Amino acid sequence: MSHQNNTDSIIKAVAEVCPHFPHHKAEGKWQKRWEQEKAFSTQENGGDKKFYCLEMFPYPSGKLHMGHLRNYAIGDVMARYYRMKGFSVLHPMGYDAFGLPAENAAIKNKVHPNHWTFNNIKEMKDQQTALGLSYDWEKDIATCHPEYYKWGQWLFLKFWEKGLVYKKEGLLNWCPDCQTVLANEQVVDGSCWRCDTTVVQKHMPQWYIKITDYAEELLNDLDKLDEWPHKVLVMQRNWIGRSEGAEIVFKIADGAEAGREIPVFTTRPDTIFGSTYMVLAPEHSLVETLIAGMENETQCREFIEKVAKMEKMDRTDDSTKKEGVFTGRYAINPVNQEKIPIWIANYVLVEYGTGAVMAVPTHDQRDFEFAREYDLPMRVVIKPEDAEFNTAEDMTEAWVDAGLMVNSAQFDGLPNDEGKKKVTVWMEDQGMGKSSINYRLRDWGISRQRYWGMPIPLIYCDACGVVTVPEDQLPVQLPLDVEIKGDGSPLARHEGFQKVACPKCGAQAKRESDTIDTFWDSSWYFLRYIDARNDEAPFSVEKANEWMPVDLYIGGVEHAVLHLLYSRFFTKALRDVGLVNVDEPFKKLVTQGMVTKDGAKMSKSKGNVVDPAVIVDKYGSDAARVFILFTSPPERDLEWSDEGVVGASRFIDRIYRLVMRFAESLKNEPVVKADKIGESAQSLRRICHKTIEAVTVDIEERIGLNTSIAKIMELVNEMYRFTEKDTINKCDFPVFRESVETLLRLFSPFAPHICDELYEAIGGEGFVLDQEWPKHNPAYLQSETMLLVVQVNGKVRGKVTVPSDADKDVVWEAALKEEQIVRWLEDKEPKKVIYVPKKLMNIVI
RNA sequence: GGCCGGGUGGUGGAACGGUAUACACGAGGGACUUAAAAUCCCUUGCCGACAACGGCUUGAGGGUUCGAAUCCCUCCCCGGCUACCA
């Protein structure tokens, strides 16, 4: 057959009348097939190319919102992409199923939390399936399932063995009317959210986890997380809040407690000679003994009470004035033996440092304001050379910057930052204090006086004390025969649950009735997915080491601190127990932006919620996915637009029509190699390969899903141009076929249903997901000529078309042939000609 | 107050030192239709009444550079987080 004959034969498009992608029917059909053929099972292909793709698991509220859709759409594209790239991909889903809303629903609707939760899980899973998300459902988990929390309890025991668990008194929100502990979210304007009684702070024994043992490592390892958003790293750094300084010991000067030590923490030991008074937090443990029997006792007590109330009302109010009272007592400044007054003030926090500060009003703005208010003594001890002040009287605000030390005995004349170290060393020698590092991070209080949570596997025995539940007795099952009324934990009055024989001595003992913070459950779920059905261990160490770390973790920024910090801590603690060999759980983190409407975050109270289920119902999940991925880059906020979804739906239809027009030929024409092809086919091929390259780079290097879709749209536009005539030369057909197959592959991670539908229509077998991700051929990117911009003095004045291999001289010649350019040059000799190969030429005159 | 984002057409957004406004939405006009929907085509940053053409334009003002939305400095506005951390 001659080439001539080939060009003569043409392939005709089938006549049709604007067909629609029948998404309602076709999407369901594919979802069913994917399920039947286990298309999303984790395939471990043995190689070293693994990709663990994780989206933050949802609380099972029963309904997906737009934030979920966005989160999962991003994750699904990435999971499908890497799978097509030949990676072993782990892409699981589960439910963070313990927590308050289930109990609230129980009180309100008289349904059991267990029933309510599992019902919701089912509904959510159905919705997720309807989105065509490629989860391996054989690995799903629900944290409220005994098979899951059994291992949460087991891990608790490991932490216990490591000495990471301890008990101490903690302050809790307590509603005296409901006789129950309230979570912070249940305290509204200082009152109980249900009965409006004023909430009080109550000291109760609580279990704590020593996360502070890992503070230093949690901080230092942030440097390893080079694929985390900068914002999140900063938030974690601030949360851990490391401060270097000194702990200095002051002594009580007089009274019955004379000589008793009051340590303070300061980051400014260089200012110690300027400490002219001391302030304790109202809750400080020494306050009681200090004020007892003093003249000001009543006044002090009134103040303490006032602060206690203020604190829970609105501590964050920045208009809160610094207030305090004098205890009547004095302390001794160890460096100069000065007697300084001890005050109590609202601006000192009991939780930070030692709960006591040495006040240096001249060099700390808060102390300055307080001292001015109460007329306390001040002394300048740091002075810059060009100081505008000589004595404290000249100051209008505290001097907090660098300077030379003055009024500081043997340290006079030293630059203050040098003084910091020298003073500390000297004080250490004198036994007055020591260098100290303080963290803002507190130990993690995990006790919750609630029902719907993981029981803490501990037993109280009168004879043996606190005894852990033996491993072979796990799980400690959460009893289901309870009545939830909201008046305290039902576990505390559940006899069958509480009564237990002591595992050590066999005597009658009592179970811990507190449950654990739900953050415990979510701190290790990513490890359980790896080996979700293991009934002998939380997960196999070997498998965990294969899959960890999670390569890509996607979720909302609201978890930037707590969940991500606890998970990091768990990973490190489990590493020390020998269960994993990684230091950090999440390699790359993407925090997706909010979905907004009318400029505000979607919320029930604002009434601007759009239900993804309604959108999926109307336009199909492909359209919903494409819209939400196309409209904004993943990390930025996304403004919802009804028209935008229509646009996405239109684009999907457009692809459907294009491919269906030629489906018959694509299915039946023999596949041949492209031989001699025409100019428009060459151009199509070039754009096709350019698109492959661009989409691959966009997805892989920056998760640029919006631009990926834009580039696929450009390819489709080009294909429409190519097929304008309704006929394609036979010799050009292989190029068109290639473009269709490429399009379906490139687009399938975004819109998997339509791509499988069309793939089938053109005679493809199986799922596009199992096809290889296309590779671009660099040779096809070349064209014979290129268009170059010619600038004169930095402004575009013309364009020239030159051969692709043209060098500077050739371009220069071509430029001189352009009338426009010549006119702008005005016969002047160019001062300089800058040539950027393949881009532009700039002529400076 | 501190820290982190962000300011580009009517709108969502492209462009990570090299043609600013890709791609899409919306709008306007046209074709097809008895009509509508759907679809297809054209126009669409602003100004010079139109075209050729020219000027202006990435929150404001400076700077570096042959060349700046992009880098540097100063300032303004919007959003988020955090908040007396000694």
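Chain A is the first sequence line, chain B the second, and so forth, proteins listed ahead of strands; every chain is numbered from 1. The shown structure was predicted, so the numbers you read here are calculated from the model rather than taken from an experiment.
At B/G54, one or more side-chain N or O atoms of A/Gln820 fall inside 4.0 Å of OP1 or OP2 (strictly under the cut-off). Between A/His20 and B/A38 there is no side-chain polar atom (N or O) within less than 4.0 angstrom of OP1 or OP2. In this model, the phosphate group of B/G55 is approached by a side-chain N or O of A/Arg797 to a distance below 4.0 Å at OP1 or OP2. The side chain of A/Asn842 places no N or O atom within less than 4.0 Å of a non-bridging phosphate oxygen (OP1 or OP2) of B/U65.
As a whole-Å value, the separation of A/Lys795 NZ from B/G67 C1' is 10 Å. Put simply, NZ on A/Lys832 is 8 Å from P on B/G67, counting in whole angstrom units. Between the CE atom of A/Met786 and the C1' atom of B/U19 there is a distance of 15 Å, rounded to whole Å. In this structure, the CH2 atom of A/Trp228 is 17 Å from the P atom of B/G5, given to the nearest Å. A/Arg721 has its CZ atom 8 Å from the P atom of B/C23, to the nearest Å. The CD1-C1' distance, from A/Ile845 to B/C66, rounds to 12 Å in whole Å. Distance, A/Lys601 NZ to B/C81 C1': 13 Å, rounded to whole Å. Atom CD in A/Glu351 sits about 13 Å away from atom P in B/A86, given to the nearest Å.
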Tabulated below should be each protein N or O lying under 3.5 Å from an N or O of nucleotides 26-32 of chain B; please produce it.
unit_1, atom_1, unit_2, atom_2, d
B/G26, OP2, A/Arg650, NH2, 3.1

Mind listing the N/O atom pairs, protein and nucleotides 15-17 of chain B, below 3.5 Å?
unit_1, atom_1, unit_2, atom_2, d
B/A15, OP1, A/Arg702, NH2, 2.9

Protein N or O to nucleotides 6-12 of chain B N or O, pairs below 3.5 Å:
unit_1, atom_1, unit_2, atom_2, d
B/G12, O2', A/Thr631, O, 2.8

Between protein and nucleotides 40-42 of chain B, what N or O pairs are separated by less than 3.5 Å?
unit_1, atom_1, unit_2, atom_2, d
B/C40, OP1, A/Arg654, NH1, 2.9
B/C40, OP1, A/Arg657, NH2, 3.3

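When all heavy atoms of A/Ile628 and A/Met66 are compared, the closest pair comes out as CD1-O, 3.9 Å. For the pair A/Ala398 and A/Pro361, the tightest heavy-atom approach, listed with the atom from each and the gap, is CB-O, 3.8 Å. Taking each heavy atom of A/Pro282 and A/Val348 in turn, the nearest pair found is CD-O, 3.9 Å. Of all heavy-atom pairs between A/Gly593 and A/Arg70, the closest is O-NH1, 2.8 Å.
One distance of note links CG of A/Asn842 with CG of A/Leu840; it measures 7.0 Å at 0.5 Å rounding.
In this structure, B/U39 and B/A31 make a Watson-Crick or G-U wobble pair, each of the two defining distances being under 3.5 angstrom. Base pairing annotation: B/C50 forms no Watson-Crick or G-U wobble pair, as no partner gives both donor-acceptor distances under 3.5 Å. Of the nucleotides present, B/G2 is the one that pairs with B/C81 by Watson-Crick or G-U wobble criteria, both distances under 3.5 Å. Using Watson-Crick or G-U wobble geometry with both donor-acceptor distances under 3.5 Å, B/U58 finds no partner in any strand shown. Using N1 to N3 plus N6-O4 or O6-N4 for Watson-Crick, or N1-O2 and O6-N3 for G-U wobble, each under 3.5 Å, B/A14 pairs with nothing. A 3.5 Å limit on both hydrogen-bonding distances identifies B/U44 as the Watson-Crick or G-U partner of B/G26.
Nucleic acid contact for A/Val844: sugar-phosphate only, since backbone atoms but no base atoms lie under 4.0 Å from a heavy atom of the residue. Using a 4.0 Å heavy-atom criterion, one finds that A/Pro633 contacts the sugar-phosphate atoms exclusively. Here A/Trp824 lies in heavy-atom contact (under 4.0 Å) with sugar-phosphate atoms only. Here A/Glu635 lies out of heavy-atom contact (under 4.0 Å) with every strand. Among the heavy atoms of the strands, none lies under 4.0 Å from A/Asn793.
Nearest nucleotide to the side chain of A/Val234, out of B/A83, B/C3, B/A86: B/C3. For A/Asp364, counting side-chain heavy atoms from C-beta on, the closest listed nucleotide (B/A86, B/C66, B/C23) is B/A86.
By the side chain to side chain contact (heavy atoms under 4.5 Å, CB included) test, A/Ala356 pairs with A/Ile262, A/Val264, A/Leu280, A/His284, A/Thr354, sequence neighbours left out.
A heavy-atom distance below 4.0 Å to RNA chain B is reached by these residues of residues 235-246 of chain A, ordered by number: A/Met235, A/Ser243.
Not a single donor-acceptor pair under 3.5 Å links the side chain of A/Thr362 to the backbone N or O of A/Met378. A donor-acceptor pair is defined here as one N or O able to donate and one able to accept, closer than 3.5 Å; such a pair exists between the side chain of A/Ser804 and the backbone of A/Ser783. At distances below 3.5 Å, not a single donor-acceptor pair connects side-chain atoms of A/Arg440 with backbone N or O atoms of A/Ser243.
Contact check for A/Ile703 versus A/Val77: no side-chain heavy atoms found under the 4.5 Å cut-off. Using a 4.5 Å heavy-atom cutoff, the side chains of A/Gln592 and A/Leu638 are not in contact.
The base of B/U19 lies outside donor-acceptor range of the side chain of A/Lys839, with no N or O pair under 3.5 Å. The base of B/C84 is paired with the side chain of A/Lys322 by a donor and an acceptor separated by under 3.5 Å.
Within 6.0 Å of atom NZ in A/Lys231, 12 or fewer heavy atoms from other residues, nucleotides or ligands are found, so the atom counts as exposed in its surroundings.
Of the residues listed (A/Thr266, A/Val279, A/Asp364), the one engaging A/Val357 in a side-chain contact (heavy atoms from CB on, under 4.5 Å) is A/Val279, and it is the only one.
For B/G54, the O4'-C1' to base torsion is more than 90° from 0; the nucleotide is therefore anti.
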Could you walk me through whether A/Lys690 and A/Glu714 satisfy the salt bridge (Lys or Arg N to Asp or Glu O under 4.0 Å) test, starting with their C-alpha distance in whole Å, then the side-chain angles of each, then the deciding distance to 0.1 Å, before giving a yes or no? CA-CA 11 Å; A/Lys690 259 191 183 156; A/Glu714 286 181 75; over 6 Å; no

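Remark on RNA chain B: of its neighbouring residues A/Val796 and A/Arg268, the 5'-side contact belongs to A/Val796, judged by nearest-heavy-atom nucleotide.
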